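For reference, the structure discussed in these notes is given below.
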Amino acid sequence: MLDYRKLSATVLFIFVGGGDLNYRKLNPALFNLFLDNAMPDNLSIVGIDRIEYSETAYKKHLKEGIDNFSRTKDSDEKWKKFSAKISYLKMDVTDAKAYKKIAQIAKEKEIQAGVRPAIIFYMAVASQLVPKIIKHIGKMEVCRD
């Protein structure tokens with residue numbers, strides 16, 4: 001059986017991380033995978049949005065989604081462990097210069113893990129934003145070998 005906890009270091013960037021899709025679907029599903037030990041130990045989740053959130057407010061928002069939409073209830077202790085893997089980045093996804101922040105986070109995670117992490121970009125955005133985001137991601141040094 002595959003031990004998911006031994007998978008490579010992974011950074012998951014969620015574009016429009018403050019939005020309804022993450023709140024109602026993605027974050028509860030990720031939390032359930034965490035509870036099932038089906039996530040790497042060295043996982044970082046970075047929500048990206050233009051909404052003004054403090055780290056605490058963002059996690060509180062996501063916890064409300066867990067409480068309302070996760071198959072698992074009464075999860076405060078496990079939520080603490082999972083939420084330690086979550087951070088928030090306020091960013092305008094149309095600003096090309098702002099992608100330096102993503103590259104910087106990826107580099108910091110690489111230093112922490114001691115290995116180049118797998119990087120996943122999840123786009124819970126309006127379809128017209130996808131080409132712009134992909135263009136900006138493609139120009140990031142961290143995404144090129």
Side-chain angles (χ1 to χ4, degrees), residues 4-5 7-144:
Y4 294 98
R5 293 166 296 177
L7 292 175
S8 177
T10 303
V11 183
L12 171 61
F13 291 97
I14 303 172
F15 287 86
V16 190
D20 192 57
L21 179 63
N22 191 36
Y23 177 79
R24 295 169 58 98
K25 299 289 184 182
L26 183 58
N27 189 62
L30 292 171
F31 181 64
N32 289 331
L33 288 170
F34 173 79
L35 294 177
D36 293 340
N37 291 318
M39 300 290 262
D41 281 338
N42 199 342
L43 170 71
S44 298
I45 301 170
V46 182
I48 300 170
D49 210 320
R50 64 180 179 200
I51 298 169
E52 189 68 49
Y53 275 118
S54 67
E55 194 92 9
T56 302
Y58 181 64
K59 289 179 182 182
K60 181 180 179 190
H61 170 71
L62 294 181
K63 176 67 164 82
E64 289 171 2
I66 296 287
D67 292 341
N68 290 318
F69 300 105
S70 174
R71 64 176 155 80
T72 305
K73 307 299 179 199
D74 189 30
S75 58
D76 288 338
E77 189 60 38
K78 292 180 180 177
W79 168 253
K80 258 187 199 179
K81 291 179 183 176
F82 178 70
S83 68
K85 298 175 179 299
I86 298 173
S87 61
Y88 182 74
L89 173 61
K90 182 182 185 299
M91 184 181 120
D92 176 357
V93 299
T94 63
D95 179 6
K97 293 178 185 172
Y99 285 77
K100 290 179 182 176
K101 296 175 190 174
I102 293 174
Q104 181 181 2
I105 291 169
K107 191 65 176 166
E108 288 170 3
K109 299 300 180 182
E110 180 177 342
I111 291 167
Q112 289 172 1
V115 64
R116 188 171 189 183
I119 298 175
I120 302 169
F121 297 102
Y122 189 97
M123 292 182 224
V125 299
S127 59
Q128 65 267 25
L129 289 174
V130 172
K132 291 178 185 177
I133 293 170
I134 290 172
K135 178 182 172 186
H136 297 316
I137 288 172
K139 292 181 179 179
M140 289 175 19
E141 186 71 29
V142 72
C143 292
R144 289 186 254 150

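These numbers come from a predicted model, not from an experiment.
Salt bridge Lys80/Asp76: absent, no basic N to carboxylate O contact under 4.0 Å.
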Check your understanding: Are Ile137 and Met123 close enough, and set up right, to give a side-chain contact (heavy atoms from CB on, under 4.5 Å), and what steps lead you there?
Key -> CA-CA 12 Å; Ile137 288 172; Met123 292 182 224; 4.2 Å; yes

Practice item. Go through Ile14 and Asn27 one step at a time and tell me if the side-chain contact (heavy atoms from CB on, under 4.5 Å) criterion holds. Key: CA-CA 10 Å; Ile14 303 172; Asn27 189 62; over 6 Å; no

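For Asn22, the side-chain hydrogen bond (donor to acceptor under 3.5 Å, both in side chains) test picks out Tyr58, with sequence neighbours left out.
Sorted by first and then second residue, the ring pair (Phe, Tyr, Trp, His ring centres under 6.0 Å) pairs involving residues 90-119 (not counting sequence neighbours) are Tyr99-His136.
Atom CG of Leu12 is separated from atom CD1 of Ile119 by 11.0 Å, given to the nearest 0.5 angstrom. With rounding to the nearest 0.5 angstrom, the NZ atom of Lys25 is 13.5 Å from the CG atom of Leu30. In this structure, CG in Asn68 is found 9.5 Å from NZ in Lys63, a value given to the nearest 0.5 Å. Rounded to the nearest 0.5 angstrom, Ile105 CD1 and Lys101 NZ are separated by 9.0 Å. Atom-to-atom distance recorded for Arg50:CZ and Leu89:CG is 14.5 Å, nearest 0.5 angstrom. One finds the CZ atom of Phe13 at 8.0 Å from the OG atom of Ser87 (value rounded to the nearest 0.5 Å).
Between Ala84 and Lys59, the shortest heavy-atom contact is CA-NZ, 4.3 Å. Here the shortest heavy-atom pairing between Ala124 and Leu21 reads CB-CD2, 3.5 Å. What you find for Ile51 and Lys90 is that their closest heavy atoms are O-CG, 3.8 Å. Listed here is the closest heavy atom pair of Arg116 and Ser8: O-OG, 4.3 Å. Minimum interatomic distance between Asp49 and Gly18 (heavy atoms only, all atoms of both residues): OD2-N, 3.0 Å. In plain terms, the two heavy atoms of Ala113 and Asn42 that are nearest each other are CB-ND2, 3.3 Å.
Side-chain contact between Phe31 and Ile86 is absent, with no heavy-atom pair separated by less than 4.5 Å. Side chains of Phe121 and Ile102 form a contact here, defined as non-hydrogen atoms less than 4.5 Å apart. Residues Leu62 and Ile45 form no side-chain contact, since every pair of their non-hydrogen atoms from C-beta on lies 4.5 Å or further apart.
Relative orientation of the Phe34 and Phe82 rings is tilted, given thresholds of 30° and 60° on the angle between their planes. Between Tyr23 and Phe69, the angle of the ring planes goes over 60°, which puts this pair in the perpendicular group of the 30/60° scheme.
Shown are Leu35, Asn37, Leu43; of these, the side chain to side chain contact (heavy atoms under 4.5 Å, CB included) with Met39 is made only by Leu43.
Listed for the Lys132 side chain is no donor-acceptor partner under 3.5 Å among the backbone atoms of Ala96.
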